[in-house]
Amino acid sequence: MESCGEEDEEAPEPDWWLPEPRGRFGSVSCKPAILGVRAVHGNMMRSGSDLRRVIVHLDLDCFYAQVETICNPELRGKPLGVQQKNLLITCNYEARKLGVKKTTTVKEAKEKCPELLLVKGEDLTKYREMSYKVTALLEEFTPLVERLALDENFMDVTEMVEKRLEEWGKDAFSQMPVSGHVYGNRTVSLHDLAHVKLAIGSQIAAEMRESVRSRLGLTGCAGIASNKLLAKMVSGTFRPNQQTILLPESRRDLIAHLDNIKKLPGIGSKTAQRLAALGLTTICSLQMCPAAVLEKELGVSAARTLQKVCRGEDDVPVTPSGPPQSLSDEDSFKKCSSEVEVEKKVGELIASLLVRLYKDGRKPHTIKLTLRKCITNRWLNREGRQCPIPPHVVQKIGTGDSSVQNQLVALAMKLFHKMINVKVLFHITLLSVCFSNLKDAPASAKQSIGFYLTRPSSSNCNKLVHVSSEPIY
DNA sequence: TGGGGTTAT
DNA sequence: ATAACCC
């Protein structure tokens, strides 16, 4: 875990939370002199705060709303919200200016802003397709692209930065404008190698954003920093459609400005609760908390990652996501109490999943059924059962054989009966089907005539959206 | 409160 | 299989 670390980037600083040195080069003076200077193409540069990695986090602006606006240009410029059932999951900036907030109920949003236009967003197909186009586009820059959500990607651009440093040589340093903002409005020093690398990273990020804008018509924010954690935390500093670099010496400020412990990526409600039980609610108290206290409450492993996270340290590499590990489809509803109804809904979920599986080309070897019981408190009561898909059923997936659907539904209903005794009155409010353990179809299946005649070509898949290269505003 | 995803245990 | 996290 710690082996690929950046402990030197984050160098041992026992007084981490103490005020920063006032000197021009910040923490540089703390470092051993031998690390303070490094020759690059014969150019002597300070590298006391050298970076091991340059990471870009790209976060698309109100993604669903943007996609809807591309699909229906008449929506542009008007306050727009996207709803799933009764929840407003996102809205554009025109709506936000009028006081509309994300993740509120549709009712609340309408009260705030009666002229709010709404589109339904339960069907993720459009968003998913656009999302993978964004990732594919980013993969043209570097293979090191990791998806965090439909609208977020991490890129490790370290190699790109090093390559540009080599190619451009020292002459480039004198004309190295930073693209976008610098966190805390700090001055970028061309004599500090870490600064230069981040500056190059900012240019790469700008090129990525421009490419996403011109080719897909989408805008977004980028953060550029020395690790994923910091890149993500800094990316939303200026919004929408802007980008920010974080210099190593601004790490403290960025974290200190978080008002809540839960703003730290990786700290969710559960962890926050447990920390609050220890009296830890502020970042500062967490930073100063003895390791033993955290370890006792959370275990050694979780305690260690927490201690690093609250200092802005993160050595987790960017892992290329590739195709998804699982495909799932859900539907929530007010009430469903009969077995026939369940079977019908499960059939619909499986039918739509089979279409996605067909486009994907891989075959699932596991199926899982999840449901939410209406009884008792809250939505934590999701329950799932999974089982292997028998080989003879797997074989027929994607062949157009219509019997697979019924076989999969029968399988799902077996899982359903493991959770629900239909002789007793039941009441569920959500059904979800998930296919996982996705494997490439065996070569023998690919060689069949049917495979070539019926599968869409990948070149067709890439033409779902057509956007001119002209600015769209 | 929605409809997805991931990783760790 | 569950529980936590992300959006």
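Chain letters run A, B, ... following the sequence lines, proteins first and then strands; every chain starts at 1.
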So what does [X] hit on the nucleic acid, given a heavy-atom distance under 4.0 Å: a base, only sugar-phosphate, or nothing?
X: A/Ser326; result: sugar-phosphate
X: A/Arg147; result: nothing
X: A/Lys120; result: nothing
X: A/Gln325; result: sugar-phosphate
X: A/Glu122; result: sugar-phosphate
X: A/Thr105; result: nothing
X: A/Leu349; result: nothing
X: A/Ser321; result: nothing
X: A/Leu430; result: nothing
X: A/Asp59; result: nothing

Tell me: [atom1] of [X] to [atom2] of [N], nearest whole Å?
X: A/Leu87; N: B/dG2; atom1: CG; atom2: P; result: 6 Å
X: A/Asp314; N: C/dC6; atom1: CG; atom2: C1'; result: 14 Å
X: A/Glu108; N: B/dG2; atom1: CD; atom2: P; result: 13 Å
X: A/Met233; N: C/dC6; atom1: CE; atom2: P; result: 13 Å
X: A/Asp329; N: B/dG5; atom1: CG; atom2: P; result: 8 Å
X: A/Arg274; N: C/dC5; atom1: CZ; atom2: C1'; result: 14 Å
X: A/Ile267; N: C/dC5; atom1: CD1; atom2: P; result: 8 Å
X: A/Glu146; N: C/dC7; atom1: CD; atom2: C1'; result: 14 Å

Next on the checklist: Between A/Asp331 and A/Pro323, which residue's closest nucleotide on DNA chain B lies nearer the 5′ terminus?
Outcome noted: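 Looking at the nearest nucleotide for each, A/Asp331 comes out on the 5' side.
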
Next on the checklist: The test is salt bridge (Lys or Arg N to Asp or Glu O under 4.0 Å); show your working for A/Lys126 and A/Glu68 and say whether it passes.
Outcome noted: CA-CA 9 Å; A/Lys126 282 182 291 186; A/Glu68 291 298 340; 2.8 Å; yes

Please tell me if [X] has a side-chain N or O lying less than 4.0 Å from either OP1 or OP2 of [N].
X: A/Thr90; N: C/dC7; answer: no
X: A/Lys262; N: C/dC5; answer: no
X: A/Arg382; N: B/dG3; answer: no
X: A/Ser328; N: B/dG5; answer: yes
X: A/Thr271; N: C/dC5; answer: yes
X: A/Ser301; N: B/dT9; answer: yes
X: A/Lys85; N: B/dG3; answer: yes
X: A/Arg128; N: B/dG3; answer: no

Checklist entry - Around atom CD of A/Glu111, are there more than 12 heavy atoms of other residues, nucleotides or ligands at under 6.0 Å? => result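 Yes, the 6.0 Å shell around CD holds more than 12 heavy atoms from other groups.
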
Item to check | Neighbour count >12 (heavy atoms, 6.0 Å) for atom CG, A/Asp259 | outcome: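 Counting neighbours around CG of A/Asp259, more than 12 heavy atoms of other residues, nucleotides or ligands fall under 6.0 Å, so yes.
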
Checklist entry - Under 3.5 Å, is there a donor-acceptor pair linking the side chains of A/Ser235 and A/Asp59? => result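 No pair is found: no donor N or O on one side chain lies under 3.5 Å from an acceptor on the other.
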
Checklist entry - Would you say the side chains of A/Asn227 and A/Arg52 form a donor-acceptor pair under 3.5 Å? => result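 No, because no side-chain N or O of A/Asn227 sits under 3.5 Å from a partner of the opposite role on A/Arg52.
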
Next on the checklist: Side chain of A/Glu383, heavy atoms from C-beta onward: which of B/dT6, C/dT2, B/dG2 has the nearest atom to it?
Outcome noted: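 In terms of side-chain proximity for A/Glu383, the closest of B/dT6, C/dT2, B/dG2 is C/dT2.
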
Checklist entry - Closest to the A/Arg385 side chain: B/dG2, C/dC7, C/dT2? => result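 Among the listed nucleotides, the one closest to the side chain of A/Arg385 is C/dT2.
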
Next on the checklist: Please give me every residue in residues 333-345 of chain A whose heavy atoms get under 4.0 Å of an atom in DNA chain B, ordered by residue number.
Outcome noted: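 Within this stretch, nothing sits under 4.0 Å of the strand.
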
Checklist entry - Below 4.0 angstrom, N of the basic side chain to O of the carboxylate: do A/Arg213 and A/Glu210 qualify? => result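 Salt bridge flag = yes for A/Glu210 with A/Arg213.
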
Checklist entry - For A/Leu87, which residues count as a side-chain contact (heavy atoms from CB on, under 4.5 Å) partner, sequence neighbours excluded? => result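 If we apply the side-chain contact (heavy atoms from CB on, under 4.5 Å) test to A/Leu87, skipping adjacent residues, the hits are A/Ile89.
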
Checklist entry - Which atom names give the shortest non-hydrogen contact between A/Cys387 and A/Leu411, and what distance separates them? => result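 What the structure gives for the nearest pair is SG-CG, 4.0 Å.
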
Item to check | Pairs flagged by salt bridge (Lys or Arg N to Asp or Glu O under 4.0 Å) wherever residues 143-152 of chain A is involved - sequence neighbours left out | outcome: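 As it turns out, the salt bridge (Lys or Arg N to Asp or Glu O under 4.0 Å) pairs with a partner in residues 143-152 of chain A, which skip direct neighbours, are A/Glu146-A/Lys228, A/Glu152-A/Lys232.
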
